[in-house]
Amino acid sequence: GFPKYTDFKPSLRIFSLCASFQRSNSHDKVRKIVAEEGRAARNLIAWSVPLENKEEEAKSKSNSSGSSRAQRINSGQQRNKKQVGLPPGVLLDKGAEKSPTKARQPRKVDLRARYWAFLFDNLRRAVDEIYVTCESDQSVVECKEVLMMLNNYVRDFKALIDWIQLQEKLEKTDAQNRPTSLAWEVRKMSPGRHVMPSPSADRMVPSPGARRTLNFGGPPPTLAAARLSHTGPSWADRVRCTQSVPPSNQMAISPVEKPGKKDAEGWETVQRGRTAKPRSAAIVAKVSPVLAHVIPKQESTKGNQCHQSPQEEQQPQPQCPPAKDSITLPCVQPQSMAEVLAKKEELADRLEKANEEAIASAIAEEEQLTREIQAENNELETDNESDFSASIGNGGCGANIDWSDMLADYDAREPWRQNTSWGDMVEEEPARPPGHGIHMHEKLSSPSRKRTIAESKKKHEEKQLKAQQLRDKLREEKTLKLQKLLEREKEVRKWKEELLEQRRRMMEEKLLHAELKRELQLQAIVKKAQEEEAKVNEIAFINTLEAQNKRHDALAKLNEYEQRLNELQEERQRRQEEKQARDEAVQERKRVLEAERQARVEELLIRRKEQEARIEQQRQEKEKAREDAARERARDREERLAALSAAQQEAMEELQKKIQMKHDESSRRHMEQIEQRKEKAAELSSGRHANTDYAPKLTPYERKKQCSLCCVVITSEVHLFSHTKGKRHQQAVRDSSSIQGRELSDEEVEHLSLKKYIVDIVTDSSVSSESTKDGEERQKARKKAKKLRARMNSRAKEYETSMEAKSQVPDSPYKAKLQRLVKDLLKQLQGQDSGQWANSKVSGLDRTLGEIARILEKQNNADQVAFQVGGGLSALEHILHVITAASTPTAVTRIPLKSLCAAVNTYYLACSCCPHNCSYVLFSNKIALLMDLLLHQLTLYVPDEDKSIFGRSVNKQVFEGLTTGLLQTIATILGSLWPHISESGQGENIPISSPDAKVKLATEFFNTRTQDLISYVVNMGLIDKLYGCFLSVQGPVDEHPKMSSFLQQASALLHSMCKLCFAVTGRAPSIFDNKRQDPTGLTALLQSTDLVGVVHTLYCILLHSFLPESASQSQEPYGPGVIQVALQGIRFLNSFALLDLSAFQSVLGAEGLSLAFRHIVSSLLWYCSQHSSEELLHEVIICVGYFTVNHPDNQVIVQSGRQPSVLQKLCQLPFQYFSHPRLIRVLFPSLISACYNNSQNKVILQQEMSCVLLATFIQDCATNEKELDNKTKQTVCQPLDYCELSNRFPRDQWDSALQFFLKKQEE
């Protein structure tokens, strides 16, 4: 904390400021505050000065101040009888002075507000203590003294207000009316202010005319400390411990300068506690001992100039370095010239180094003298102005204090602060007895001390004269000092020039020395070269001698080698002669042996001929005997065969009798079962069937039945129920049978039908004729398929030729990798023979196909097209062509089935979501190869059978992955084709001037190719094979995912074919136009095969054991695979309805399929109501609409059967289908088709909803169609929108339908 004095003296204020600088670590913040606030912010420095030992000093100061202040407060309270209460801040100030080094978060505080609170806290505390003192002393004089001081302060602050107002008025006055001079009252020093004694008080010598400043941007502390020194030896002399006796007024050395260790030349290392080593010290440390005393002179501050004499400012002149001749070199007798030169060079380097250091010192001193001269000139020019400003700013009093002086004073006070407590500091203050101030005021204000105006004027003039003399004297001293500095600068420049000349002479001597050294070195090199040449000659002579010796040795060895060769040659020749003699003897012995062998061979040949003659004679004899025995055995065998045939005939007759007996027994049992079924059918037809969960089976009868009344063949139980409930059969029964003239009831009609008219077919004589006719038709279809295939191949070649000219691989991310993989495929195919592939080759093929599949799975069209252009599809065709080698279902192909499935999958990925590749497959006729492969697979597992038993002997291996993959690939390709895709195909190669004509020609080309493809599929027998596969399904497929996948892809293939056929047949946009032609024959084939058995399959997989409505809620009736099969099957039915609506209605409305279709639709509607499957539900609703539109018999079917019927389930759909516009467009057209011109259906409909909704929907559709016709018209090539009413109900019947649905409402 601070002492209780409110009015500080300069030295005590500086000390307090330095002691409280620990409150901030930022000098820039203090400078900024002083720049913004001006003189009023001087005391803010109390919060921003860093200290060395902050914690210890703050702790000691706070403890001492707190204890002393507590003693004074306690003493005051003992004197005061009223126990005056003090604020808690008085006792808690000790905590505010703690060191900021403690770990605490910095707080954003307003320094000005804190400083203002601090000042007022001091003022209040001082006034309170003065009041307590006066009250305890009971002294009036002390009270008067306090009043006098307070009056003075009131007068000062009023004058300050006037001065501030005067400044504001001056600033607001314009330049013309602004006065040239101003006068104001300056506040005097507080009476009775005193200086606090300190050990370094002699450092602060205040000058009455100096300015009180805070120089934050001044020189470093070391320079400031140097300027405070008046006279004395230089800093270098002090460091070298050669200081002379200082004068009496010389300042003592600061205690922070600690002498260090001496070096070899006697210099000391001096460290300062707060700043780094100054630049001047660094320069001096480099100078040689000759220049040690040449130190730049630092001028003292302006505050101390008025107390210096000219004699004290003089500095000793630098001594010039001795000349080169004065340097004595040690005389040592060298051993050689090289050592002499080396020693001389070393001494020259030392001299040059000393010279360089002296030059650097001279240049530095010259620069410093120049700066000092410039500073003196500036001081002479601004002397009067500075005096005037100092008198204005501080009232002619105060101390010249800058930042460096303050830091130096703070460093000087450090030991004194550490050794002195706050109590001692307070006791050292000079005593001020109470009442002394008022006494001195009255004494000085007495009338006897008042002077007259003349005396005051005279004394003022004497003061002005004395001040003028002092200024003149100071100006003369500064002029003299400037002259000395100029002379000193001339001497230093002259000394620098001498040093430079000396360096030049040294450089010339150094060059001469180098030349001499170079000559000596050249001589040494020549001498060394001569010595080396002599050595080389000697070595050459020695080498010559050695070479001659080696040559002599080599010749001797050569002679010895030739001699040995001659000896070896002679030995070899001698051995050769001996060997020839032995060979001649061997040959002679061989000739003798060969003659003997020839004689023996001739003898053996004669013997063999004789033996062969004997063997031939014996064989002839045996042959005769064998022929006789064979004739005897043949007679015996004929006799035995005759007896055996007679026995077999008897056994056959006996067996036929047994078979006939078993057949009769079986027929009897069968008739009993038929009777039971008839009774059950009669019970079911009598009305109880609607309340049971029984669903008739679609499994064909082993023995077909026939209605003898209607001459209709009944093939299954579903067909039986459908026929007996038909209107035509019931009417025929009523016409042929009547009981006593009354009409039979429905129960009686059905019972009579099952008992009397439904009979088994005993013989079927028409089978052979129908099979013959089917064989002829199949033969014609095959011939037509061959012709179509030839035409398609020729057009494909033309397309390939036209595409080769402009085939360009598009840029794709995996273009290079795909090309490399295709090349690998081709290499693997070429490197194989006709046998089974090895496991390593198969694994390599699988790896390549896997990499291609991973790239194509991303479905990037650029990658897919790059794969096709690179020949990838052709390579896959070569792989898949291996399938055709298998002729039986059990045959093993060259490539494993897994690899073939991977190839098919790769083919599928290359065409999936890529119309360009799909159109290429169509136009290049690669689709025909896929069709052939699929037909080959189906032919292996689906044998050709009679239509009566078709599908019963299908091999279940047909449902494996390879066939399913081919179906999926073909369905994907056909599903991606559409007429507008062919614009990038063949049509581009024909020059057409008009774009419309070009598009039309391209569309015609696409239509032609597509019609050929569909005709080829129809005639090649693929549909018949699929029909057999669909009929082979007789039960659920939930546990057979492969079978469900096969059925799904087959249905998708049929759906794509119908959609393509509808797009390319060139018919009218309206599907209700009966004038249609199908050149492909697809419609007739689908109609003849009952829609390829799709309805049969859907019935078997959906209603195999129970009606789905009767299943428990927890049981899942259908799996996801079954639902996908149902979705694709219903889509196929809808696409066939677009292709030929009348054929669609006649097939599904026939007696054999109408009941099955109703059960299928009812089951799917129930499933969609229990589970979320919007897509399937929409397809079923659309299918019901096409089934009933303009067909009264089919309208009756949807409202018959188990309740709720199909029509009721449609009316019971969720509310969104009757409120949401998108769902209304799906449901309402089907309701209109099912109820139009059918009163019974309309009544059922009105039980669930109002017919006005349908009428309003028809009106809205008519309005929207008129608006759409005004804007644009639908083109033929665009797919039809199933949600449009014009595609679901004939446009020409809208008005009559509107009247029909409004008619009942009006009644």
Side-chain angles (χ1 to χ4, degrees), residues 222 226 233-243 259-271 276-298 315-371 488-521:
T222 54
S234 64
W235 182 80
D237 292 337
R238 295 203 304 273
V239 172
R240 296 199 57 173
C241 301
T242 58
Q243 180 178 356
K261 297 181 180 180
K262 294 185 179 181
D263 58 7
E265 298 180 356
W267 288 78
E268 288 185 354
T269 303
V270 179
Q271 297 179 353
K277 190 176 181 181
R279 185 177 60 86
S280 61
I283 296 174
V284 172
K286 297 180 181 179
V287 182
S288 64
V290 182
L291 305 173
H293 61 283
V294 183
I295 303 299
K297 180 180 178 296
Q298 296 183 351
Q315 294 285 344
Q317 297 296 328
Q319 298 178 2
C320 295
K324 173 179 173 242
D325 299 335
S326 64
I327 300 176
T328 59
L329 300 176
C331 296
V332 181
Q333 185 65 28
Q335 297 295 330
S336 63
M337 191 64 182
E339 294 180 359
V340 172
L341 292 176
K343 190 67 175 178
K344 186 176 180 181
E345 186 176 356
E346 181 182 358
L347 294 175
D349 291 340
R350 291 177 56 189
L351 183 60
E352 183 180 0
K353 184 176 181 182
N355 193 3
E356 291 294 337
E357 293 176 351
I359 291 174
S361 176
I363 292 174
E365 187 173 0
E366 180 183 5
E367 293 177 354
Q368 186 170 1
L369 289 174
T370 303
R371 289 195 298 271
R488 171 64 181 161
E489 185 184 11
K490 291 180 181 178
E491 292 176 0
V492 170
R493 287 183 180 175
K494 182 178 179 182
W495 175 42
K496 185 181 73 171
E497 292 174 358
E498 291 177 358
L499 290 174
L500 292 175
E501 181 64 23
Q502 182 181 355
R503 184 172 66 177
R504 186 184 61 78
R505 290 196 303 270
M506 291 171 61
M507 184 60 68
E508 292 177 355
E509 292 179 0
K510 190 174 182 180
L511 292 175
L512 293 175
H513 174 69
E515 184 66 24
L516 178 60
K517 186 177 179 181
R518 180 173 175 276
E519 291 179 358
L520 292 176
Q521 189 175 4

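Numbers for residues simply follow the sequence, beginning at 1.
- For the salt bridge (charged side-chain N to carboxylate O under 4.0 Å, His left out) criterion with R503, the lone passing option out of E356, E497, E357, E498 is E356.
- Distance check, rounded to the nearest 0.5 Å: CD of E339 to NZ of K344 gives 15.5 Å.
- Counting heavy atoms of neighbouring residues, nucleotides and ligands inside a 6.0 Å radius, atom CZ of R518 does not exceed 12 of them.
- Here M506 contributes atom CE and H513 contributes atom NE2; the two are 12.5 Å apart, rounded to the nearest 0.5 Å.
- Nearest approach of A362 to V492, heavy atoms of both residues: O-CG1, 3.6 Å.
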Handout entry: Test side chain to side chain contact (heavy atoms under 4.5 Å, CB included) applied to L369 and K490, step by step
Key = CA-CA 10 Å; L369 289 174; K490 291 180 181 178; over 6 Å; no

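- Ion pairing of R504 with E508 is present here, as a side-chain N (NZ or NE/NH1/NH2) and a carboxylate O approach within less than 4.0 Å.
- A distance of 5.5 Å separates CZ of R493 from OG1 of T370, quoted to the nearest 0.5 Å.
- We find the CD-CD distance between E365 and E491 to be 9.5 Å, quoted to the nearest 0.5 Å.
- The pair R350-E346 does not meet the salt-bridge criterion, since no charged nitrogen lies less than 4.0 angstrom from a carboxylate oxygen.
- The CD atom of Q502 sits 8.0 Å away from the CD1 atom of I359 when rounded to the nearest 0.5 Å.
- Between W495 and A358, the shortest heavy-atom contact is CH2-O, 4.1 Å.
- Rounded to the nearest 0.5 Å, atoms CD1 (I363) and CD (E367) are 7.0 Å apart.
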